[in-house]
K.L.:
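Below is a structure I'd like to ask you about.
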Protein chains: 2
Amino acid sequence: MANLFILRNYAQKLPSELPSSILFSHSSETLTIYDAYPKSKFHFLILPRVKPESELSVNDLESLKSLLAGDKTRAKQVMDALKENADILCKEIETEMVKRYGFKWPIWIGFHGAPSMHHLHLHVLSADLCSEKMKNKKHYNSFHPKHGFFLHMDDVLSWFDAEPSYFKTMAALEEKKYEALLKDDMSCWKCGSAMKNMPTLKSHLQEEWDKEASRAKAKAERKRKLEEKQKNTESRAQKEEASDAHTDKKQKVSTPEND
Amino acid sequence: MANLFILRNYAQKLPSELPSSILFSHSSETLTIYDAYPKSKFHFLILPRVKPESELSVNDLESLKSLLAGDKTRAKQVMDALKENADILCKEIETEMVKRYGFKWPIWIGFHGAPSMHHLHLHVLSADLCSEKMKNKKHYNSFHPKHGFFLHMDDVLSWFDAEPSYFKTMAALEEKKYEALLKDDMSCWKCGSAMKNMPTLKSHLQEEWDKEASRAKAKAERKRKLEEKQKNTESRAQKEEASDAHTDKKQKVSTPEND
DNA sequence: TATTCCGATAGTGAC
DNA sequence: GTCACTATCGGAATGAG
């Protein structure tokens with residue numbers, strides 16, 4: 001992504017004009033592309049498409065800031081379209097999580113408070129931040145879910161329902177304020193412990209994810225065994241039913257609790 | 001030189017205890033060693049030896065600052081011994097310059113205003129600052145002959161003959177003041193032009209030395225030819241003398257001027 | 001906060 | 001200002017038309 005305007009470029013094209021190595025999917029209002037430098041195991045961008053017939057110009061769609069500075073109703077329509085497609089994307093990511101890793105884990109959906117690249121883009125990425133492309137503090141802090149630079153979609157949507165003065169304050173999106181956040185010391189987004197450099201952070205994040213994977217897989221294994229047991233019980237019950245049709249010992253098995 | 005006390009260690013040993021890879025020569029009062037990380041084509045250190053019978057302790061010899069803070073007469077004796085051996089060393093370096101490079105160039109003799117290594121050490125180095133070991137700004141500024149951090153021996157000796165108040169001021173050698181000099185922007189010690197980074201500086205210094213070498217060799221060549229011509233003239237004169245003994249056309253040939 | 005390249009800068013550990 | 005190692009920080013170029 002040497003070109004700061006490449007997203008704007010994509011957003012003005014027809015889906016058929018974009019290679020499948022870039023475009024993952026599309027809707028009438030949005031394009032979903034692979035982030036060229038994924039900062040998590042799964043990382044996509046959803047862009048609002050630039051349409052000649054739309055009342056929103058390419059300049060309105062420059063960024064979250066420019067969008068929120070314009071007509072609020074039209075802004076909300078763009079946000080809703082992005083949100084809708086993010087939710088669809090999440091389901092697809094989850095399917096792929098199970099296929100590749102055997103379990104699901106959370107997904108974050110949000111914007112950067114002070115993006116570098118032109119054209120509004122919604123980040124949809126898995127909650128791990130484990131990636132070779134995660135190379136420096138700015139990368140990391142920009143996706144830390146509690147640090148303030150990463151603006152969760154649901155939080156941004158809530159601004160629309162708040163007091164107009166609050167909306168106005170949040171929508172100002174002062175670059176300086178957000179840029180400063182990127183220089184802060186790093187901490188693990190999961191356990192909160194201080195991380196003094198990138199190598200340490202990256203090892204730690206890998207460990208956190210490995211723990212998460214172990215837990216999830218153990219849970220999946222318990223569930224599988226329980227279901228197997230239930231199945232046996234059912235088939236035994238069926239045999240018993242067949243041989244002793246006047247009794248019914250079948251009972252519902254509750255799903256194991258989260259741990 | 002991972003050990004900050006290694007010079008003190010050397011200074012307390014007998015010359016016979018030091019390997020020839022470290023010790024170049026010695027006198028009753030001094031040791032001349034090879035700088036382990038030469039910042040010029042020739043770079044030596046002269047250390048005052050620590051002697052049990054001396055009135056100067058190892059602490060007096062800790063640094064130029066500590067030496068000048070003590071008895072002035074004894075300090076002057078140490079300085080004179082260092083100076084005497086530096087002058088001898090210079091002659092030996094010059095001989096080696098001619099042997100290796102075919103010409104001589106200046107040699108700097110002086111102290112660092114704020115040394116890191118313990119035990120007083122006088123730097124004797126050729127005026128080029130061309131060396132693989134010259135790696136950063138601090139290295140360079142610490143030997144720049146006009147920057148202030150490098151204290152030329154003759155200047156330091158002149159303090160002894162100045163007003164006591166001036167001696168006291170200069171002898172204070174405030175570390176903070178000298179350390180600050182090392183952070184200044186770099187400039188060529190020869191032509192004064194600004195040098196914005198080390199690679200640029202090092203190429204430039206190499207060019208300066210190459211020019212100097214060309215000039216010196218051209219000069220040496222002119223001298224050689226002139227001497228040859230003189231020799232021919234002489235031998236012709238001898239022949240003429242032999243054949244015509246009553247005339248004397250021999251005349252002195254002046255050394256060519258510096259350019 | 002697009003990446004990448006280059007180089008300066010900063011902290012550490014050395015025995 | 002000892003070195004060597006690691007990592008961070010800081011500027012500049014970048015590509016396309």
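Order of the sequence lines sets the chain letters (A, B, ...), proteins ahead of strands, with each chain counted from 1.
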K.L.:
Nearest whole angstrom, please: distance from the P of C:dT3 to the NZ of A:Lys138.
P.N.:
11 Å
K.L.:
Whole angstroms only, please: what is the CE-P distance between B:Met134 and D:dC3?
P.N.:
10 Å
K.L.:
For a salt bridge (Lys or Arg N to Asp or Glu O under 4.0 Å) with B:Lys190, tell me which candidate from B:Glu208, B:Glu212, B:Glu207 qualifies.
P.N.:
B:Glu212
K.L.:
To the nearest 0.5 Å, what is the distance between CG (A:Leu89) and CZ (A:Phe42)?
P.N.:
10.5 Å
K.L.:
Rounded to whole angstrom units, what separation is found between the CE atom of B:Met198 and the P atom of C:dA8?
P.N.:
7 Å
K.L.:
Tell me whether the rings of A:His123 and A:His112 are parallel (<30°), tilted (30 to 60°) or perpendicular (>60°).
P.N.:
tilted
K.L.:
Applying a 4.0 Å non-hydrogen cut-off, can you work out what A:Asn136 is touching in the nucleic acid: base, sugar-phosphate, or nothing?
P.N.:
nothing
K.L.:
Whole Å only: how far is the NE2 atom of A:His118 from the P atom of D:dG15?
P.N.:
16 Å
K.L.:
Angle between ring planes, B:Tyr34 versus B:Phe44, binned at 30° and 60°: parallel, tilted or perpendicular?
P.N.:
tilted
K.L.:
What is the distance, to the nearest angstrom, from the CE atom on A:Met117 to the C1' atom on D:dG15?
P.N.:
12 Å
K.L.:
Could you tell me how the ring of A:His147 sits relative to the ring of A:His144: parallel (under 30°), tilted (30 to 60°) or perpendicular (over 60°)?
P.N.:
tilted
K.L.:
Write down the distance between CG (A:Asn197) and P (C:dA10), rounded to a whole number of angstrom.
P.N.:
17 Å
K.L.:
Think A:Lys135 has a side-chain N or O under 4.0 angstrom from the OP1 or OP2 of C:dT4?
P.N.:
yes
K.L.:
State which of D:dC3, D:dT8, C:dT4 makes the closest approach to the side chain of A:Tyr37.
P.N.:
C:dT4
K.L.:
Would you say CD of B:Glu174 has more than 12 non-hydrogen atoms from neighbouring residues, nucleotides or ligands within 6.0 angstrom?
P.N.:
no
K.L.:
Could you give the CG-to-C1' distance, from A:Asn3 to C:dT3, as a whole number of Å?
P.N.:
12 Å
K.L.:
Are A:Lys137 and D:dC9 close enough that a side-chain N or O sits under 4.0 Å from OP1 or OP2?
P.N.:
yes
K.L.:
Does a side-chain N-to-carboxylate-O contact under 4.0 Å join A:Lys83 and A:Asp154?
P.N.:
yes
K.L.:
Are OP1 or OP2 of C:dT3 and a side-chain N or O of A:Lys39 less than 4.0 angstrom apart?
P.N.:
yes
K.L.:
How does DNA chain D look in dot-bracket notation if pairs are Watson-Crick or G-U with both distances under 3.5 Å, crossing ones as [ ], other-strand ones as |?
P.N.:
.|||||||||||||...
K.L.:
Can you tell me the distance, in whole Å, between the NZ atom of A:Lys202 and the P atom of D:dT8?
P.N.:
11 Å
